[in-house]
2 protein chains.
Amino acid sequence: MKTQTRTINKSRQRDAIVNYIMTYQNHPTADTIYNAIKEDFPNISLGTVYRNLTLLTELGTIKKLSCGGSSEHFDGDTTPHNHFICNCCGNITDLKMDNIDFLNELASKNFDGEISGHNIYFYGLCCACKTQQSK
Amino acid sequence: MKTQTRTINKSRQRDAIVNYIMTYQNHPTADTIYNAIKEDFPNISLGTVYRNLTLLTELGTIKKLSCGGSSEHFDGDTTPHNHFICNCCGNITDLKMDNIDFLNELASKNFDGEISGHNIYFYGLCCACKTQQSK
DNA sequence: CATAAAATAATAATAGTTATCATTTTTGAT
DNA sequence: ATCAAAAATGATAACTATTATTATTTTATG
């Protein structure tokens with residue numbers, strides 16, 4: 001049985017996608033990325049964006065965030081960190097918080113499988129919406 | 001301005017949905033629930049299932065789980081607990097682990113909004129898939 | 001029982017995403 | 001530089017999960 005390796009050629013479009021995600025820390029959706037990149041690549045196809053987002057996620061270059069909205073979001077920061085989603089405006093922001101790497105071990109204690117990672121999504125009101133509501 | 005309250009009438013279909021979710025702790029999808037309930041209600045509509053799942057989630061009777069698959073899952077256990085999703089078979093299971101209620105406070109420390117809750121999804125290999133792979 | 005409000009079934013519509021395929025781009029060898 | 005094979009693209013169709021619409025049925029209540 002031959003183990004076949006896939007070779008990956010570079011593409012200007014993929015580079016632009018990576019560049020966008022890394023530059024703007026907005027946790028954008030496929031559609032947001034598509035619209036932004038259209039400025040430089042007017043003919044880019046939405047399918048190309050999706051195809052590359054899937055590939056980049058598989059490669060571990062970016063991370064996919066599934067936090068309950070109607071579409072997926074993507075994160076260029078692959079270092080361990082957590083997210084906050086505002087119940088009111090829906091914005092997703094990074095949370096600066098103390099290290100909680102011990103969580104995986106804690107979860108493994110009474111578990112017979114193998115835990116390799118986790119995603120945490122915090123919910124509530126962001127500062128802006130909080131101020132808005134108290135008026 | 002009149003604050004209008006919505007009155008909710010009982011329905012056999014909704015009762016069956018709640019009963020199914022509470023009985024089978026599978027974290028089922030809308031489609032799974034639909035197919036199961038069809039046995040007792042052959043004419044039930046998929047729209048009815050979705051409508052009630054949304055309502056029940058709003059009421060806090062059940063919880064919606066967004067853990068990255070193509071569709072949402074639902075949980076009849078609304079007490080705080082965490083979930084494990086197997087990267088291999090996709091099964092979702094509850095994790096028995098020590099109390100980590102302090103997480104919200106920890107996350108609030110350097111945050112200017114208001115954190116009211118969180119969802120944690122652990123990933124890895126479940127026991128069955130782990131054994132399978134090591135053969 | 002009569003009436004109004006709520007819920008349903010059937011179905012159409014929408015949105016996000018994936019698949020298909022002919023054409024173009026990239027790569028690596030000559 | 002040229003050429004061929006593999007990879008990537010753009011255009012578009014197809015698919016799937018979910019929501020919206022509407023006429024009919026069910027539920028609650030005086």
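Every chain is numbered from 1, with letters handed out A, B, ... down the list of sequences. Because only heavy atoms are used, hydrogens play no part in the values below, and waters and symmetry mates are left out as well, while side chains stay in.
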Length of the line joining [X]:[atom1] and [N]:[atom2], which is rounded to integer Å:
X       : N      : atom1 : atom2 : result
B:Tyr34 : D:dT18 : OH    : P     : 14 Å
B:Asn43 : C:dT11 : CG    : P     : 11 Å
B:His73 : D:dA17 : NE2   : P     : 10 Å
B:Lys38 : C:dT8  : NZ    : C1'   : 16 Å
A:Asp40 : D:dT9  : CG    : C1'   : 17 Å
B:Leu59 : C:dA7  : CG    : P     : 10 Å
B:Arg14 : C:dA9  : CZ    : C1'   : 15 Å
A:Glu58 : C:dT18 : CD    : P     : 10 Å

(request) Classify the nucleic acid contact of B:Asp31 as base, sugar-phosphate or nothing, counting any heavy atom under 4.0 Å across all strands shown. (result)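 No contact.
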(request) Scan B:Thr29 against the nucleic acid and name what it touches under 4.0 Å (heavy atoms): base, sugar-phosphate only, or nothing. (result)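 The answer is nothing, as B:Thr29 stays clear of every strand by at least 4.0 Å.
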Taking the side chain of [X] as its heavy atoms from C-beta onward, which of [options] lies nearest to it?
X       : options                : answer
A:Gln13 : C:dA7, D:dT9, D:dA17   : D:dT9
B:Thr54 : D:dA8, D:dT19, C:dT18  : D:dT19
A:Thr48 : D:dA17, D:dG10, C:dA9  : D:dG10
A:Ile8  : D:dT18, C:dG16, D:dA8  : D:dA8
A:Ser11 : D:dA8, D:dA28, C:dA9   : D:dA8
B:Ser70 : D:dT18, D:dA17, D:dT19 : D:dA17
A:Asn9  : D:dT9, D:dA7, D:dT19   : D:dA7
B:Arg51 : C:dT27, D:dT12, C:dA9  : C:dA9

(request) For D:dT18, take OP1 and OP2 only and decide whether either is under 4.0 Å from a side-chain N or O of B:Tyr50. (result)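 Yes, within the criterion.
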(message) So, does A:Thr7 get its side chain near the phosphate of D:dA7, meaning an N or O under 4.0 Å from OP1 or OP2?
(response)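 Looking at the OP1 and OP2 atoms of D:dA7, one of them is under 4.0 Å from a side-chain N or O of A:Thr7.
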(message) Would you call the rings of A:Phe84 and B:Phe111 parallel, tilted or perpendicular, taking 30° and 60° as the class edges?
(response)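 Geometry flag for B:Phe111 against A:Phe84: tilted rings.
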(request) Consider only side-chain N and O atoms of A:Asn82 and B:His118, and report whether a donor and an acceptor are under 3.5 Å apart. (result)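 No donor-acceptor contact under 3.5 Å links the two side chains.
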(message) So, taking the atom named OH in A:Tyr121 and the one named CG in A:Leu65, what distance separates them when rounded to the nearest 0.5 Å?
(response)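 Reported value, rounded in 0.5 Å steps: 5.0 Å.
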(message) Just to verify, which of A:Asn119, A:Asp75, A:Thr79 counts as forming a side-chain hydrogen bond (donor to acceptor under 3.5 Å, both in side chains) with A:Lys63?
(response)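 Only one option passes, and that is A:Asn119.
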(request) Considering only NZ, NE, NH1 and NH2 on the basic side and carboxylate oxygens on the acidic side, decide whether B:Asp98 and A:Lys109 come within less than 4.0 Å. (result)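 Looking at A:Lys109 together with B:Asp98, the answer is yes, because their closest N to O distance falls below 4.0 Å.
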(request) Please tell me which of A:Ile44 and B:Arg12 maps to the more 5' nucleotide of DNA chain D, matching each residue to the nucleotide holding its nearest heavy atom. (result)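 The 5'-side residue here is A:Ile44.
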(request) Assign each of A:Leu46 and A:Lys10 to its nearest nucleotide of DNA chain D by heavy atoms, then name whichever residue's nucleotide is nearer the 5' end. (result)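 Its nearest nucleotide lies further toward 5', so the answer is A:Lys10.
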(message) Given A:Arg14, which partner from the list A:Ile8, A:Asn19, A:Asn9, A:Thr48 fulfils the side-chain contact (heavy atoms from CB on, under 4.5 Å) test?
(response)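 It is A:Ile8, the one option of A:Ile8, A:Asn19, A:Asn9, A:Thr48 that forms the side-chain contact (heavy atoms from CB on, under 4.5 Å) with A:Arg14.
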